[in-house]
Asker: 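Quick one: the structure is below, and I'll ask about it shortly.
Since this is a predicted model, take the numbers as computed values, not measurements. In this chain, residues are counted from 1 in sequence order.
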Amino acid sequence: MTKLQIQLLNKVGFEWTCSGGHTWKKMYDVLVSYKKEFGHTRVFPKCPQNPSLGNWAQRQRSRYEQFQKGNSSSKMTANQALLLDEIGFEWDLRHKGTTFLPNLTHEPNEKCSEESPGNENNQNNLIANI
């Protein structure tokens, strides 16, 4: 297979592995459940209730960025991007007035977003110490 053929297949969203799609769909379903429970898709990388979901969401953001740039090595397909768009996935955690502080920690009973109770105090303390 030539490099051009690989690029063309990537461009149309060809799935190269069977198992990865199954894992992706499973995590997508977890994200849909998260949205039903909390009303949004602002899942931060350090999500105490489900670290796997937080890490997965961050990977989707990185993959989407590469996908948008036309990077042929991006592991995101057009269909995956569409599915995430349809549920209102937040690609950029820094927009809509949110402040993304990647090292911010969450209490175990808090949601995994910047609107979690207590995060305002953590952010204020962090900013005050800068």
Side-chain angles (χ1 to χ4, degrees):
M1 185 174 293
T2 69
K3 189 173 184 176
L4 176 61
Q5 290 170 322
I6 293 169
Q7 288 174 339
L8 290 171
L9 288 170
N10 283 335
K11 189 173 183 176
V12 297
F14 182 79
E15 290 282 349
W16 292 99
T17 61
C18 296
S19 62
H22 175 71
T23 301
W24 191 92
K25 177 67 170 124
K26 181 179 175 183
M27 291 306 296
Y28 172 79
D29 290 341
V30 171
L31 178 63
V32 169
S33 295
Y34 179 90
K35 182 178 181 181
K36 286 178 185 174
E37 183 176 351
F38 297 110
H40 63 80
T41 60
R42 286 182 307 275
V43 183
F44 282 79
K46 294 185 178 188
C47 177
Q49 296 90 344
N50 192 333
S52 296
L53 179 61
N55 291 331
W56 181 84
Q58 188 59 35
R59 270 194 314 278
Q60 301 319 299
R61 292 179 184 103
S62 296
R63 290 175 178 175
Y64 183 72
E65 185 178 334
Q66 294 301 311
F67 176 78
Q68 289 294 93
K69 291 178 181 176
N71 187 332
S72 61
S73 66
S74 170
K75 294 183 180 181
M76 176 159 286
T77 67
N79 187 53
Q80 289 170 340
L82 179 63
L83 286 170
L84 290 167
D85 275 340
E86 287 176 350
I87 64 164
F89 185 70
E90 298 210 26
W91 298 106
D92 185 353
L93 295 177
R94 296 168 293 192
H95 75 299
K96 296 183 183 173
T98 60
T99 302
F100 177 52
L101 300 172
N103 294 322
L104 190 64
T105 58
H106 304 277
E107 295 300 319
N109 62 347
E110 294 177 341
K111 296 184 292 182
C112 305
S113 76
E114 80 292 348
E115 294 177 357
S116 298
N119 281 354
E120 183 178 275
N121 291 337
N122 289 342
Q123 289 177 2
N124 289 340
N125 290 339
L126 182 62
I127 292 168
N129 292 323
I130 295 178

Asker: Nearest 0.5 Å, please: how far is CZ in Arg61 from CD in Gln66?
Answerer: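 Gln66 atom CD to Arg61 atom CZ measures 15.5 Å (nearest 0.5 Å).
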Asker: Would Met27 and Leu31 satisfy side chain to side chain contact (heavy atoms under 4.5 Å, CB included), going step by step from the backbone distance to the final call?
Answerer: CA-CA 6 Å; Met27 291 306 296; Leu31 178 63; over 6 Å; no
Asker: Are there more than 12 heavy atoms of other residues, nucleotides or ligands under 6.0 Å from atom NZ of Lys75?
Answerer: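 No, NZ of Lys75 has 12 or fewer neighbouring heavy atoms, counting only those of other groups under 6.0 Å.
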Asker: Looking at CE of Met76 and CG of Leu82, how far apart are the two atoms once the value is rounded to the nearest 0.5 Å?
Answerer: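 So the gap between those two atoms works out to 11.0 Å.
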Asker: Under 4.5 Å between any side-chain heavy atoms of Ile6 and Lys3, yes or no?
Answerer: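 No, side chains not in contact.
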Asker: Thr41 side chain to Glu90 main-chain N or O, any donor-acceptor pair under 3.5 Å?
Answerer: yes
Asker: Rounded to the nearest 0.5 Å, what's the gap from CZ on Phe67 to OG on Ser62? Could you check?
Answerer: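 Interatomic distance, Phe67 CZ to Ser62 OG, rounded to 0.5 Å: 15.0 Å.
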Asker: Go through Leu83 and Gln80 one step at a time and tell me if the side chain to side chain contact (heavy atoms under 4.5 Å, CB included) criterion holds.
Answerer: CA-CA 5 Å; Leu83 286 170; Gln80 289 170 340; 5.6 Å; no
Asker: With the side chain counted from C-beta on, respond yes when Asn50 and Tyr34 share a heavy-atom pair under 4.5 Å apart, and no when they do not.
Answerer: no
Asker: For Gln58 versus Pro45, what's the shortest heavy-atom pair and its separation?
Answerer: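 In terms of heavy atoms, the two residues are closest at OE1-CG, 3.4 Å.
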Asker: Is the side chain of Ser74 donor-acceptor paired with the backbone N or O of Gly70 at a distance under 3.5 Å, no angle test?
Answerer: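 Between the backbone of Gly70 and the side chain of Ser74 there is no qualifying donor-acceptor contact (under 3.5 Å).
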Asker: Please determine, by modelled atom types, if Glu65 and Trp91 share a side-chain donor-acceptor pair under 3.5 angstrom.
Answerer: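 Result is no, nothing qualifies.
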Asker: Work out which heavy atom in Gln5 is nearest to a heavy atom in Met1; give both atom names and the distance.
Answerer: OE1-CA, 3.3 Å
Asker: Between Val43 and Phe89, is the side chain to side chain contact (heavy atoms under 4.5 Å, CB included) condition met? List the steps.
Answerer: CA-CA 9 Å; Val43 183; Phe89 185 70; 5.9 Å; no
Asker: Rounded to the nearest 0.5 Å, what separates atom CG in Asn79 from atom CH2 in Trp24?
Answerer: 7.0 Å
